[in-house]
Amino acid sequence: VADATQVGRFAAGLDTANTGREFQAADSAPLATSGDGVISISDWVQNLRDVAGLDGAARALAGPTQPALVPTSFSLRAATLSDRRVTVESDGLVAGRPATVRIVLDAAGDEAGISCSLQFNPNALAFVGATTGSGGMLIVNQQQAANGTLGIVLALQPGQAVAVGRQTLVELVFNVSPAAGASTGIALNSSPVLEEVTDTNARRLPATFSGQTFPVELPAGFKTVGVTMVDGQPRFAFGNDDGSAVTASQLSDLEVFATSDIGAATWTRLDNALVIAAGQVQIVDPEAGSGVRFYQVRRVVSGGGGQNQ
């Protein structure tokens, strides 16, 4: 079992097999040719089958002793007419909060292993961790996570396959930056881990891999924080009702109006009055401290005017 796990680490790009017997032992798929010069998810599935004794007695080492140049058509991972599709999904990304992203497979029911790499903007997303949504053994290469790169290798137990239909294989958790912007994308590719799907007999299957761009929502709703003193002058403060830090983009369509008479027909608009400090919003009002002041925060809507908050 330890040897098979090591093959999984080779497939994930965490370790490199030595040329010679170690490479031959790890590069066991396709079974008919005793390998093909590439250590991938198919080899991990084949090694797990060998550990379970599903393919008979132990075989003599044969096949390539070192890596081969990977051809363009390797593993049929290029876009095909196959209905077998691997993609990424999420129920929503919110600035300043954790988010779950799922690797999903439209399964035919014969898939036993999958591998791929994810590319994302590290200024928008920070990787936290991953779990398998379908059972099996998961290895994550997060050596370049800080640079926006992950490698995923997942193998089910020997002889087991994913159920037919749309299946969540891996769930990944990211922290979404408060400054993530309006959207951010996650791409699937073959670096550092090859895009590949394999069946229960360690045979490569045709599949299409595709990433996705996700909208990033802003936390909804504000709450009153109170009054804070800045350079001897009082400032009314408010923040997000969920406690998350307020972002500059949240203030882009807000205006502030003030008055000393709550019954006044006209309120005075305060230009450039909103500033962010310690994740909260402060209202800068030259008249603050001279008596009672009332404020309206309005969201500008299309066509002019505003909506009171």
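In what follows, every heavy atom counts, from backbone to side chain, and hydrogens, waters and symmetry copies are set aside. In what follows, residues are counted from 1 in the order of the sequence shown. The model shown is predicted, which means the values in this text are computed figures rather than measured ones.
Of the charged side-chain nitrogens involved, at least one lies within less than 4.0 Å of a carboxylate oxygen, so that Arg269 and Glu255 count as a salt-bridged pair. The existence of a salt bridge linking Arg84 and Asp199 is excluded, since no basic side-chain nitrogen approaches an acidic carboxylate oxygen closer than 4.0 Å.
In this structure, Asn47 contributes its side chain and Arg49 its backbone to no donor-acceptor pair below 3.5 Å. Side-chain N or O atoms of Asp241 include none that pairs as donor or acceptor with a backbone N or O of Lys223 at under 3.5 Å. Although no hydrogens or angles enter the test, the distance criterion places no donor-acceptor pair under 3.5 Å between the side chain of Glu287 and the main chain of Asp285. Counting only distance, with no hydrogens or angles, the side chain of Gln157 and the backbone of Gly135 share no donor-acceptor pair below 3.5 Å. Judged by distance alone, the side chain of Thr87 and the main-chain N or O of Ser210 form a donor-acceptor pair under 3.5 Å. Put simply, the side chain of Thr224 never gets that close to the backbone of Gly226: no donor and acceptor are under 3.5 Å apart. Side-chain atoms of Asp43 come within 3.5 Å of backbone N or O of Ser28 as a donor-acceptor pair. Between the side chain of Ser117 and the main chain of Ser190, no donor-acceptor pair closer than 3.5 Å is present. Counting only distance, with no hydrogens or angles, the side chain of Gln280 and the backbone of Ala277 share no donor-acceptor pair below 3.5 Å. Of the possible donor and acceptor atoms, none in the side chain of Gln24 sits under 3.5 Å from a partner among the backbone N and O of Leu61.
Counting non-hydrogen atoms of other residues, nucleotides and ligands closer than 6.0 Å to CZ of Arg21 gives a total of 12 or fewer. Surrounding CG of Asn272 are at most 12 heavy atoms belonging to other residues, nucleotides or ligands under 6.0 Å away.
Taking CE from Met229 and CD from Gln282, the interatomic distance works out to 11.0 Å, rounded to the nearest 0.5 Å. Note: Arg85 CZ to Asp106 CG = 7.0 Å, rounded to the nearest 0.5 Å. For the atom pair Leu172 CG and Thr131 OG1, the distance stands at 8.0 Å (nearest 0.5 Å). Atom OG1 of Thr184 sits about 9.0 Å away from atom CZ of Phe214, to the nearest 0.5 Å. Atom CD of Gln143 is separated from atom OG1 of Thr149 by 11.0 Å, given to the nearest 0.5 angstrom. Here the CG atom belonging to Asp27 is positioned 8.0 Å from the OG atom belonging to Ser40, to the nearest 0.5 angstrom.
The side-chain heavy atoms of Thr213 and Ser183, taken from C-beta on, include a pair separated by under 4.5 Å. Taking 4.5 Å as the limit, every side-chain heavy atom of Thr259 sits out of range of all side-chain heavy atoms of Thr268. Residues Thr228 and Phe236 form no side-chain contact, since every pair of their non-hydrogen atoms from C-beta on lies 4.5 Å or further apart. Within the 4.5 Å cutoff, side-chain heavy atoms of Leu251 are placed close to those of Val246. The closest side-chain heavy-atom distance from Val281 to Val275 is not below 4.5 Å. Looking at heavy atoms from C-beta onward, Ile139 lies in side-chain contact with Trp44 at the 4.5 angstrom threshold. Contact annotation: the side chain of Val45 approaches that of Thr198 to within less than 4.5 Å [non-hydrogen atoms, C-beta and beyond]. Here the side chains of Phe174 and Phe120 are in contact, with some heavy-atom distance below 4.5 Å.
Scanning all heavy atoms of the two residues, the minimum distance from Val38 to Ala68 falls at CG2-O, 4.5 Å. Heavy-atom minimum distance, Gly109 versus Val164: CA-CG2, 3.7 Å. In terms of heavy atoms, Pro158 sits closest to Leu54 at CB-CD1, 3.8 Å. Residues Ser260 and Arg293 share a closest heavy-atom pair of OG-NH1, 3.0 Å. Residues Ile39 and Ala26 approach most closely at CD1-CB, 3.7 Å, considering heavy atoms. Heavy-atom minimum distance, Ala99 versus Gly92: CB-O, 3.9 Å.
Side-chain heavy atoms closer than 4.5 Å link hydrophobic residues (I, L, V, M, F, W, Y) into clusters, and following such links, possibly through other members, connects Val292 to Trp267. Under a hydrophobic-cluster definition in which Ile, Leu, Val, Met, Phe, Trp and Tyr are linked whenever side-chain heavy atoms come within less than 4.5 Å, directly or via other members, Met137 and Leu14 are assigned to the same cluster. Clustering ILVMFWY residues whenever any of their side-chain heavy atoms sit less than 4.5 angstrom apart, transitively, puts Phe222 in the very cluster that holds Ile283. Under the 4.5 Å side-chain contact rule for hydrophobic residues, Leu274 and Val284 do not share a cluster. Residues Leu31 and Val51 do not share a hydrophobic cluster, clusters being chains of Ile/Leu/Val/Met/Phe/Trp/Tyr side chains in contact below 4.5 Å.
Partners of Val128 under the side-chain contact (heavy atoms from CB on, under 4.5 Å) rule, at least two apart in sequence or in another chain, are Val173, Asn175. Scored by the side-chain contact (heavy atoms from CB on, under 4.5 Å) test, Asn18 finds Glu22 as partners (sequence neighbours excluded). Qualifying salt bridge (Lys or Arg N to Asp or Glu O under 4.0 Å) partners for Arg59, counting only residues two or more places apart in sequence or in other chains: Asp50.
Counting only N and O atoms by type, the side chains of Glu195 and Asn189 include no donor and acceptor under 3.5 Å apart. Thr100 and Glu171 form no side-chain donor-acceptor contact under 3.5 Å, judged by distance and modelled atom types alone. Checked by atom type, the side-chain pair Asp242/Ser244 shows a donor-acceptor distance below 3.5 Å. A donor-acceptor contact closer than 3.5 angstrom is absent between the side chains of Gln46 and Asn201. Using modelled atom types, one finds no donor on one side chain facing an acceptor on the other under 3.5 Å when comparing Arg203 with Ser42.
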Practice item. Evaluate the salt bridge (Lys or Arg N to Asp or Glu O under 4.0 Å) criterion for residues Arg204 and Asp36: first the C-alpha distance (whole Å), next the side-chain angles of each, then the deciding distance (0.1 Å), finally the verdict. Key: CA-CA 12 Å; Arg204 296 182 182 112; Asp36 58 2; 2.6 Å; yes
Practice item. Evaluate the criterion side chain to side chain contact (heavy atoms under 4.5 Å, CB included) for residue pair Ile186 and Val101; output intermediate values, then yes/no. Key: CA-CA 9 Å; Ile186 297 179; Val101 174; 3.9 Å; yes
Review point. Side chain to side chain donor-acceptor pair (under 3.5 Å) between Ser115 and Glu196: does it pass, once the steps are laid out?
Key: CA-CA 5 Å; Ser115 63; Glu196 184 177 333; 4.8 Å; no
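A ring-centre distance under 6.0 Å is not found for Phe257 and Phe294.
Among Thr168, Leu154, Thr132, Leu118, the single residue meeting the side chain to side chain contact (heavy atoms under 4.5 Å, CB included) criterion with Ile103 is Leu118.
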